[in-house]
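Scroll down for the structure; my scribbles are underneath it.
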Amino acid sequence: MNLDFTQFIPSMPYILEGILVTLRIVLLAGVLGFILGIILSLFKISKFKFLGWFADAYTSIFRGTPLVLQLMLIYYGSPQLIGYQIEPYTAAILSFALNSGAYISEIIRAGIQAIDKGQQEAAMALGVPYTKMMWDIILPQALKNILPALMNEFITLTKESAIVTTIGVMDIMRRSYQVGAENYSFFEPLLIAGMIYYLMVITLTFLGKAVERRMRRSD
């Protein structure tokens, strides 16, 4: 097998432009998924059973079905459901945020329930309102404890973002495939795409560990 990477050097700037597309999707979906995850986690520990049932059903559906299926339902099903074709970029962010929110909600729920109940009882005894107690006392501690799990979810989201190529989003994978089609050689550009994803994941891993060390020093 003869590999020739030199023929793809002129196409590298085009492939690398896909990094910005991927990062925008991952960052926006990650932020929206994090916000949704907090809301769902609070539903799960709520005294109102209906909210808990809704959050559990939501999590079950989005964790129990493939992400690529959710992406295609939102993109290809939007004209039939809402009478309007959602843009591929928007469909990608929406599907990733909805999916990520389900996983993050379980992570945050576990983090909240791991906090000593004595802190909640002490806050209630002092007359601290529930909302203020959760926002100022419980959630900060929970988020600090679950930071590694959140980073793993963000890394997973970065890798899974490659499936947006199925709906035509011009990310790293899509651009690499196009370059391969133009040169009638797919192995090299796809290998380049794999290396780019690998470097992105390694970078995120180092950043996550740096944040963890910083937070440990602050203790």
Side-chain angles (χ1 to χ4, degrees), residues 18-46 51-52 54-75 89-115 134-135 138-167 169 171-173 193-194 196-216 218:
I19 296 177
L20 295 178
V21 177
T22 297
L23 288 178
R24 280 198 296 266
I25 292 174
V26 170
L27 287 175
L28 288 173
V31 171
L32 293 175
F34 180 71
I35 295 172
L36 179 60
I38 291 178
I39 296 172
L40 290 173
S41 66
L42 295 177
F43 281 3
K44 291 178 180 181
I45 63 175
S46 172
L51 295 179
F54 170 80
D56 288 339
Y58 178 97
T59 301
S60 177
I61 292 172
F62 278 90
R63 291 178 66 183
T65 56
L67 177 55
V68 66
L69 173 64
Q70 298 163 21
L71 174 64
M72 290 186 173
L73 282 174
I74 291 175
Y75 179 67
Y89 182 78
T90 304
I93 294 174
L94 184 58
S95 61
F96 290 162
L98 293 174
N99 180 273
S100 183
Y103 285 90
I104 291 176
S105 69
E106 279 295 289
I107 296 173
I108 296 177
R109 178 197 58 77
I112 291 175
Q113 293 182 335
I115 302 298
M134 291 299 300
W135 187 257
I138 304 302
L139 274 177
Q141 296 182 73
L143 293 176
K144 190 173 184 179
N145 293 334
I146 63 177
L147 180 62
L150 288 177
M151 283 303 302
N152 284 337
E153 172 61 22
F154 194 71
I155 289 172
T156 299
L157 185 62
T158 301
K159 293 186 293 183
E160 290 182 342
S161 68
I163 67 172
V164 299
T165 187
T166 59
I167 61 172
V169 176
D171 68 328
I172 301 168
M173 187 66 71
I196 293 173
Y197 280 110
Y198 178 75
L199 292 175
M200 291 172 64
V201 168
I202 291 298
T203 302
L204 288 174
T205 302
F206 279 120
L207 288 175
K209 290 181 178 179
V211 173
E212 288 182 51
R213 288 194 296 270
R214 180 65 179 271
M215 296 184 73
R216 283 198 297 266
S218 67

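Being a predicted model, the structure only gives us computed values, none of them experimental. Keep in mind that the numbers below use all heavy atoms, side chains included, and drop hydrogens, waters and symmetry copies.
- For the pair Val169 and Tyr75, the minimum side-chain heavy-atom distance is 4.5 Å or more.
- Heavy-atom minimum distance, Tyr197 versus Thr22: OH-OG1, 4.3 Å.
- Once rounded to the nearest 0.5 Å, the distance linking OG1 of Thr65 with CD of Gln70 reads 3.5 Å.
- Using a 4.5 Å cut-off on side-chain heavy atoms (C-beta onward), Ile146 and Ile108 make contact.
- With Ser95 as the partner, the side-chain contact (heavy atoms from CB on, under 4.5 Å) test is satisfied by one option alone out of Ile74, Ile25, Leu69: Ile74.
- For the residue pair Ala142 and Ile115, the shortest heavy atom distance occurs at N-CD1, 3.9 Å.
- Of all heavy-atom pairs spanning Asp171 and Ser161, the tightest one is OD2-O, 3.8 Å.
- Between Ala92 and Val164, the closest heavy-atom pair is CB-CG1, 3.5 Å.
- At a threshold of 4.5 Å between non-hydrogen side-chain atoms, the residues Leu67 and Phe96 count as touching.
- Minimum heavy-atom separation, Met173 to Thr165: CG-CG2, 4.1 Å.
- Residue Arg109 holds its CZ atom at 9.5 Å from CD1 of Ile112, rounded to the nearest 0.5 Å.
- Among all heavy-atom pairs drawn from Ile163 and Leu71, the shortest one is O-CD2, 3.7 Å.
- Tyr89 places no side-chain N or O within donor-acceptor distance of the main-chain N or O of Val21, the cut-off being under 3.5 Å.
- Scanning for side chain to side chain contact (heavy atoms under 4.5 Å, CB included) contacts around Thr90 gives Ile86, Glu87, with sequence neighbours left out.
- To the nearest 0.5 Å, atoms CZ (Phe34) and OG (Ser100) are separated by 10.5 Å.
- Contact of the Asn152 side chain with the Tyr103 side chain is not registered, since no non-hydrogen atoms from C-beta on lie closer than 4.5 Å.
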Side-chain donor-acceptor distances from residues 37-44 under 3.5 Å, at least two apart:
| from | atom 1 | to | atom 2 | distance (Å) |
| --- | --- | --- | --- | --- |
| Ser41 | OG | Gly37 | O | 3.2 |
| Ser41 | OG | Ile38 | O | 2.7 |
| Lys44 | NZ | Thr59 | OG1 | 2.8 |
| Lys44 | NZ | Ser105 | OG | 2.9 |
| Lys44 | NZ | Glu106 | OE2 | 2.6 |

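- Looking at Leu27 and Phe154, their side chains come closer than 4.5 Å, going by heavy atoms from C-beta outward.
- Taking CD1 from Ile107 and CG from Leu150, the interatomic distance works out to 5.5 Å, rounded to the nearest 0.5 Å.
- Distance check, rounded to the nearest 0.5 Å: OH of Tyr198 to OG1 of Thr203 gives 10.0 Å.
- Looking at heavy atoms from C-beta onward, Val211 lies out of side-chain contact with Met151 at the 4.5 angstrom threshold.
- One distance of note links CG of Leu23 with CG of Leu28; it measures 10.5 Å at 0.5 Å rounding.
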